[in-house]
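Below, chain A is the first sequence line, B the second, and so on; all start at residue 1.
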Amino acid sequence: MCGRYFRRSDKQKIAEAFHVKQVVDFPLPPWDYNVAPQTMQPIIRANRDTGERELVQLRWGLVPFSTKSLADLKGKSTINARAETITRGWWAQPFKKRRCLVPASGFYEWTHDDPKNKRPFAFDLANGKPMGFAGLWDAWKNPTDGSWLQTYTIITTDANELMTIVKWNKA
DNA sequence: CCAGACGTTGTT
DNA sequence: GTCTGG
DNA sequence: CCAGACGTTGTT
DNA sequence: GTCTGG
């Protein structure tokens, strides 16, 4: 679940909906109907110093702190973490100390019945309100150049009654 | 998650 | 960092 | 003990 | 088939 999602709220609306105290200055389109892994996206986390909620930009696809080389992640996917496993392994540290909220309006799922005819379906909250995926984030220092990379993952769980197939409003 | 690329030599 | 397999 | 992995989805 | 970029 959740390899791609969409966002209808701008920074202002996100800040209001999630009671954000500090909004970092980065450009953000008022909507994005194709939020893809490996791109920079807004997330909400506790500020390191004040503990207050801040809206910042991180890259989707968690690179664990202990990663020695990005090549180690080749062939693995860290865009999602199962709720059942986040207390162990790579996720343990982020789960303890680095949780976040990922503002969104809904997400996509694809049918694979016919491989030649993949079809996307969109889901959002039945009440149409902004939603926040539960997420984890981490910071990784690139040993090559010493730069820091901050990333996040979205926690997945079973299908439930909160989500419904999107009824797109016409104009 | 999907879509699209996936190579080399040697030239300007 | 932490867990598993050997 | 050390070495090496550490993931997800969805399909068969 | 598998990897990368978005």
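Taking atom P on both nucleotides, D/dG10 is separated from C/dG1 by 34 Å, rounded to a whole Å. Comparing the same atom, P, in D/dT9 and in C/dT2 gives a spacing of 25 Å after rounding to whole Å. Here the separation of B/dA3 from D/dT11, taken at their P atoms, is 15 Å to the nearest Å. Atom name P, nucleotides B/dC1 and D/dT12: the rounded distance is 15 Å, in whole Å. Nucleotides E/dT4 and D/dG4 are separated by 23 Å at their P atoms, to the nearest Å.
One interatomic measurement links the two molecules: CG of A/Leu136 to P of C/dG1, which rounds to 18 Å at whole-angstrom precision. Rounded to an integer number of Å, the gap from A/Asp72 CG to D/dA3 C1' is 13 Å. We find that CG of A/Leu73 is positioned 16 Å from C1' of E/dG5, with the value rounded to whole Å. As rounded to whole Å, 10 Å separates atom C1' of C/dG1 from atom NZ of A/Lys97. Atom NZ in A/Lys68 sits about 13 Å away from atom P in D/dC6, given to the nearest Å. In this structure, A/Gln41 places its CD atom 17 Å from P of E/dG5, rounding to the nearest Å. Atom P of nucleotide E/dT2 and atom NZ of A/Lys76 are separated by 15 Å, given to the nearest angstrom. Taking atom CH2 of residue A/Trp60 and atom P of nucleotide E/dG5, one finds them 17 Å apart after rounding to whole Å.
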Mind listing the N/O atom pairs, protein and nucleotides 9-11 of chain D, below 3.5 Å?
unit_1	atom_1	unit_2	atom_2	d
D/dT9	OP1	A/Thr156	OG1	2.7
D/dT9	OP2	A/Arg82	NH1	3.4
D/dG10	OP1	A/Glu109	OE1	3.1

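Among residue pairs with one or both ends in residues 118-145 of chain A, those qualifying as ring-ring contact (aromatic ring centres under 6.0 Å, His included) are A/Tyr5-A/Phe133, A/Phe107-A/Phe123; sequence neighbours excluded. Applying the ring-ring contact (aromatic ring centres under 6.0 Å, His included) definition to pairs two or more places apart or across chains, none involves residues 64-104 of chain A.
Near DNA chain C, meaning a heavy atom under 4.0 Å away, the residues from residues 85-92 of chain A are A/Gly89, A/Trp90.
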Report summary line: The dot-bracket string of DNA chain B, counting Watson-Crick and G-U wobble pairs with both distances under 3.5 Å, using [ ] for crossing pairs and | for pairs to another strand, is ||||||......
Return a table of donor-acceptor pairs under 3.5 angstrom between the side chains of residues 79-87 of chain A and protein atoms on other chains or two or more places apart.
unit_1	atom_1	unit_2	atom_2	d
A/Asn80	ND2	A/Met1	O	3.4
A/Asn80	ND2	A/Cys2	O	3.0
A/Asn80	ND2	A/Ile154	O	3.4
A/Thr85	OG1	A/Arg82	O	3.1

Just list the side-chain donor-acceptor pairs under 3.5 Å for residues 17-24 of chain A, sequence neighbours left out, or say none.
unit_1	atom_1	unit_2	atom_2	d
A/Gln22	OE1	A/Asn47	ND2	3.4
A/Gln22	NE2	A/Thr50	OG1	3.1

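Not a single side-chain contact (heavy atoms from CB on, under 4.5 Å) links A/Asp25 to another residue, sequence neighbours left out. For A/Arg98, the salt bridge (charged side-chain N to carboxylate O under 4.0 Å, His left out) partners at least two apart in sequence or on another chain are A/Asp138. Remark: A/Arg59 pairs with no residue by the salt bridge (charged side-chain N to carboxylate O under 4.0 Å, His left out) rule, at least two apart or across chains. Every side chain to side chain donor-acceptor pair (under 3.5 Å) that A/Thr39 has, sequence neighbours left out, goes to A/Gln41. Not a single salt bridge (charged side-chain N to carboxylate O under 4.0 Å, His left out) links A/Glu109 to another residue, sequence neighbours left out.
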Report task. Start with the C-alpha gap between A/Asp32 and A/Arg8, add the side-chain angles, then the distance that decides, and say whether salt bridge (charged side-chain N to carboxylate O under 4.0 Å, His left out) holds. Result -> CA-CA 6 Å; A/Asp32 186 344; A/Arg8 293 169 171 137; over 6 Å; no
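A/Thr78 comes within 4.0 angstrom of no nucleic acid atom, judged by non-hydrogen atoms across all strands.
Side chain of A/Thr78 to backbone of A/Leu62: a donor-acceptor contact under 3.5 angstrom is found.
Between A/Arg7 and A/Pro29 the shortest side-chain heavy-atom distance falls below 4.5 Å.
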